[in-house]
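For reference, the structure discussed in these notes is given below.
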Amino acid sequence: MFRSLGLFNYRVWFIGALISNIGGWMQSTAQDWVVLTELTHNDATAMGVTMALQFGPPLVLVSVTGWVADHFDRRKLLMCTQSALGLLAITVGILLLTHVMTLPMMWLFAGLFGVANAFDSPARQAFVSDVVSRENAANAVALNSASFNTARLIGPAVGGVMIVLVGSGWMFLINAATFLAMLVALSIMRLNELEPRVKATDATRLADGFRYVARRKDLLVLFVMVFLIGAFGMNFPIFASTMALEFGMKADGYGALSSLLAIGSLAGALMAARRDRARMRVVIFATGGFGIASLVSSLMPVYWMYGVVVIFVGFSTVSMLTTANGYVQTTTDAQLRGRVLALYMAVIMGSTPVGAPIVGWVATAFGPRTAIQLGAAAGLIACAIGATWIITSGRLHRSETHRFALSIDETRPIQVVQPKIPEEFSDPLAQTTPIKLPSDELDTRGVAPRADGSAG
């Protein structure tokens with residue numbers, strides 16, 4: 001489960017990210033609560049607009065950010081983005097402490113945070129493959145998620161209490177200080193132990209990332225599923241804050257709900273770390289679980305019962321996202337990984353501008369329970385899309401060992417963009433990827449031959 005932590009570079013990266021993420025969740029809790037209760041009178045729509053502005057830039061800038069992640073030193077790029085995020089946090093904290101902040105100003109800073117994160121996220125995701133070898137990539141991605149959700153477990157709870165005790169402005173200043181941990185981690189890494197980068201040759205055009213995904217039906221289905229969940233289901237700041245108010249709770253109650261979500265999220269991340277490879281079937285099952293758990297949570301009559309069900313929402317959400325991330329990392333051509341990951345992050349973060357304002361409006365007009373049910377419906381639809389693809393792609397068969405059981409074949413070959421196997425392809429890699437790639441050369445159509453010699 002923790003094999004990637006045996007590497008010095010990944011170990012310092014993990015610790016730095018954990019500290020930085022704790023500060024980030026404290027700031028996120030403060031920002032949501034400020035918009036909902038200090039800058040407006042419990043207006044969930046304004047909160048949805050804030051989320052849209054913060055998560056919109058990754059969608060708008062996806063081509064540029066992916067290209068930058070593929071062509072520049074990712075370690076130095078992350079040092080720049082982390083510094084920029086820290087300076088923005090200091091500015092917002094000072095404006096809140098001096099009581100100068102207004103809602104339009106908060107929207108402006110939300111957009112600036114979004115621009116910085118648009119460059120930070122694909123570089124951060126792709127940098128994992130620079131720190132660990134390809135066969136450990138899925139494990140490292142899962143441990144990254146565990147770090148993120150451990151921070152989610154600690155940050156919102158501490159942030160909620162601190163907001164009540166000292167005010168929201170200090171949360172931004174504390175977050176700015178935690179960025180130093182990431183900068184130190186990036187500075188002390190052993191450069192000679194980083195994995196060699198695959199230099200881009202003929203894959204230098206921005207459109208190649210889009211073209212690659214367009215020719216991978218499995219990635220298209222994955223991206224559609226993630227988009228639906230990201231747009232309508234992953235609006236937990238809106239769900240938790242409005243439900244906390246409905247149950248008569250304050251900022252500490254909202255923070256506690258975020259931490260309960262993190263308990264399930266951490267469990268989901270650790271379970272993903274135990275798996276030897278990322279599989280599409282896990283993404284599909286977890287998406288369905290998210291829809292069911294969200295629907296049940298919307299029906300809970302009291303605060304503590306809602307909190308218990310939220311744990312299962314967190315588990316299914318992170319199981320889906322971590323597995324999807326690992327699947328993209330381990331099945332994508334190394335020369336295009338930065339651009340494909342930028343598209344993936346754009347789908348997750350860029351879906352928020354589409355769904356958050358709608359979900360916020362629904363929560364304001366019809367109540368938070370209806371908004372949660374909208375997210376549940378999106379999860380069930382996404383699960384149905386994934387299940388349909390599994391069936392129509394010929395991967396669902398009757399079990400050879402059990403008469404009435406079904407089995408899913410995830411070893412069928414996939415189409416690729418490049419006319420040859422990437423340079424770093426190896427037998428250990430074939431054992432860690434969720435799709436079994438044969439060692440023979442691809443045929444002239446760019447399709448791997450099947451075991452019987454026919455084209456895939």
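Every value quoted in this text rests on a predicted model; they were computed, and no experiment measured them.
- To the nearest 0.5 angstrom, Gln82 atom CD is 5.0 Å from Asp120 atom CG.
- In terms of modelled atom types and a separation under 3.5 Å, the side chain of Ser294 and the main chain of Gly291 share no donor-acceptor contact.
- Counting only distance, with no hydrogens or angles, the side chain of Thr178 and the backbone of Asn175 share a donor-acceptor pair below 3.5 Å.
- In this structure the side chain of Arg369 reaches within 4.5 angstrom of the side chain of Met243, judged on heavy atoms.
- Between Phe247 and Tyr303, the two ring planes are perpendicular [angle over 60°; tilted spans 30° to 60°].
- Across all their heavy atoms, Ile238 and Ala44 have their closest contact at CG2-CB, 4.4 Å.
- Taking all atoms of both residues into account, the shortest heavy-atom contact from Ile284 to Cys383 is O-SG, 3.5 Å.
- Taking CZ from Phe172 and CD1 from Ile174, the interatomic distance works out to 11.5 Å, rounded to the nearest 0.5 Å.
- Separating the CG atom in Asn42 from the OG1 atom in Thr40 is a distance of 6.5 Å, to the nearest 0.5 Å.
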Worksheet item: What's the verdict on side chain to side chain contact (heavy atoms under 4.5 Å, CB included) for Tyr327 and Arg279, showing C-alpha distance, side-chain angles and the deciding distance?
Response: CA-CA 7 Å; Tyr327 187 89; Arg279 294 178 171 89; over 6 Å; no
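- A cation-pi contact, defined as under 6.0 Å to the ring centre and within 45° of the axis, links Arg190 to Phe8.
- Side-chain contact check for Arg75 versus Leu191: some heavy-atom pair is nearer than 4.5 Å.
- A 4.5 Å side-chain heavy-atom check between Leu36 and Asp43 finds every atom pair outside the cut-off.
- Under a 3.5 Å cut-off, the side chain of Thr322 and the backbone N or O of Ser319 do not form any donor-acceptor pair.
- To the nearest 0.5 Å, atom CH2 of residue Trp170 and atom CE of residue Met26 are 12.0 Å apart.
- Looking at Asn21, its side chain does come within 3.5 Å of a backbone N or O of Ala17 through a donor-acceptor pair.
- Side-chain atoms of Arg74 never come within 3.5 Å of backbone atoms of Phe127 as a donor-acceptor pair (strictly under, hydrogens ignored).
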Item to complete: Test Val328 against Phe223 for side chain to side chain contact (heavy atoms under 4.5 Å, CB included), laying out the working first.
Response: CA-CA 10 Å; Val328 174; Phe223 281 25; 4.2 Å; yes
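- Minimum interatomic distance between Asn325 and Tyr344 (heavy atoms only, all atoms of both residues): N-OH, 3.5 Å.
- Here the straight-line distance linking atom CG of Leu112 with atom CG of Leu108 works out to 5.0 Å at 0.5 Å rounding.
- When side chains are defined from C-beta on, Val92 does not count as touching Gln27, because their heavy atoms never get closer than 4.5 Å.
- Put simply, the side chain of Phe119 reaches to within 4.5 Å of the side chain of Leu61, judged on heavy atoms.
- Using modelled atom types, one finds no donor on one side chain facing an acceptor on the other under 3.5 Å when comparing Ser168 with Trp33.
- Taking the side chain as every heavy atom from C-beta outward, Leu257 and Met249 never approach each other to under 4.5 Å.
- A distance of 9.5 Å separates CG of Leu380 from CZ of Phe290, quoted to the nearest 0.5 Å.
- Using a 4.5 Å heavy-atom threshold, the side chains of Val282 and Met320 count as separate.
- Between Tyr254 and Asp32 the shortest heavy-atom distance is OH-OD2, 3.0 Å.
- Listed here is the closest heavy atom pair of Pro353 and Gly56: CG-CA, 3.2 Å.
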Discussion item. Under the criterion side chain to side chain contact (heavy atoms under 4.5 Å, CB included), I'd like the reasoning laid out for Arg124 against Trp13: C-alpha separation, chi angles, the key distance, then a yes or no.
Written reply: CA-CA 10 Å; Arg124 183 191 290 238; Trp13 165 263; 3.6 Å; yes
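- A pairwise comparison of heavy atoms in Ser298 and Ile372 identifies CB-CG2, 3.8 Å as the closest pair.
- Remark: the backbone N or O of Ala140 is paired with a side-chain donor or acceptor of Tyr10 at under 3.5 angstrom.
- By the neighbour-count criterion of 12 heavy atoms within 6.0 Å, atom CZ of Phe312 is sparsely surrounded, having that number or fewer from other residues, nucleotides or ligands.
- At least one side-chain heavy atom of Leu183 sits less than 4.5 Å from a side-chain heavy atom of Ser83.
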Item to complete: I would like to know whether Met51 and Val359 meet side chain to side chain contact (heavy atoms under 4.5 Å, CB included); could you show each step before the answer?
Response: CA-CA 11 Å; Met51 294 174 62; Val359 171; over 6 Å; no
